[in-house]
Engineer: 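Mind having a look at this structure? Questions to follow.
Excluded from the calculations below are hydrogen atoms, water molecules and symmetry mates; all remaining heavy atoms, backbone and side chain alike, are included. The structure displayed is predicted, hence computed values, not measured ones.
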Amino acid sequence: MNAGRIVFEFVVTFAIAFVASAIVSAAWAAVAHGSPAVDWETAARFGLIFGIVSPWVISRGAKR
C-alpha cells in the first residue's frame with residue numbers, strides 16, 4: 001500500500017468517524033439534556049483514533 005493510498009484511507013475514515021460521532025453525541029445530548037450540543041473534542045478524538053488505526057490494520061492485512 002503506497003503512502004497516497006494510506007493518506008486517502010485516513011482522510012475518508014476520519015471524516016466518517018468524525019461525522020458519525022458528532023451526530024451520535026448531538027443525539028445523546030438532545031435526549032439526555034434536551035439541548036443538541038455536539039461534543040467536538042470527542043468527535044475529533046474518535047476520528048483520529050479510527051483514522052489512524054483503520055488504514056494501519058488494512059495495510060497490515062494486505063501484506064499477508
Engineer: Quick check: do Phe10 and Ile6 have side-chain heavy atoms less than 4.5 Å from each other?
Structural biologist: no
Engineer: In terms of hydrophobic clusters joined by side-chain contacts under 4.5 Å, are Val38 and Leu48 together?
Structural biologist: yes
Engineer: Drop me the distance from Thr42's OG1 to Arg45's CZ, to the nearest 0.5 angstrom.
Structural biologist: 5.0 Å
Engineer: If hydrophobic clusters are built by linking Ile, Leu, Val, Met, Phe, Trp and Tyr wherever their side-chain heavy atoms come under 4.5 Å apart, do Phe14 and Val11 end up in the same one?
Structural biologist: yes
Engineer: Return the minimal non-hydrogen interatomic distance between Gly51 and Pro55, and the atom names on each side.
Structural biologist: O-CD, 2.9 Å
Engineer: Are Ile23 and Phe18 packed together at the side-chain level, in the sense that at least one heavy-atom pair is separated by less than 4.5 angstrom?
Structural biologist: no
Engineer: Working to the nearest 0.5 angstrom, can you tell me the gap between Ile16 CD1 and Ser21 OG?
Structural biologist: 12.0 Å
Engineer: Could you measure the distance from the CG atom of Asp39 to the CZ atom of Phe46? Nearest 0.5 Å is fine.
Structural biologist: 9.5 Å
Engineer: For Ala43 and Ala22, which heavy atoms make the closest approach, and how far apart are they?
Structural biologist: CB-N, 4.0 Å
Engineer: Using a 3.5 Å distance criterion without hydrogens, assess whether the side chain of Thr13 forms a donor-acceptor pair with backbone atoms of Phe50.
Structural biologist: no
Engineer: With a 3.5 Å distance limit and no angle check, can you tell me whether Ser59 reaches the backbone of Trp56 through a side-chain donor-acceptor pair?
Structural biologist: yes
Engineer: Of the non-hydrogen atoms in Ala29 and Ala37, which two are nearest, and what is the gap between them?
Structural biologist: CB-O, 3.5 Å
Engineer: Look up atom CD1 in Ile52 and atom CD in Glu9, then write down how far apart they are to the nearest 0.5 Å.
Structural biologist: 14.0 Å
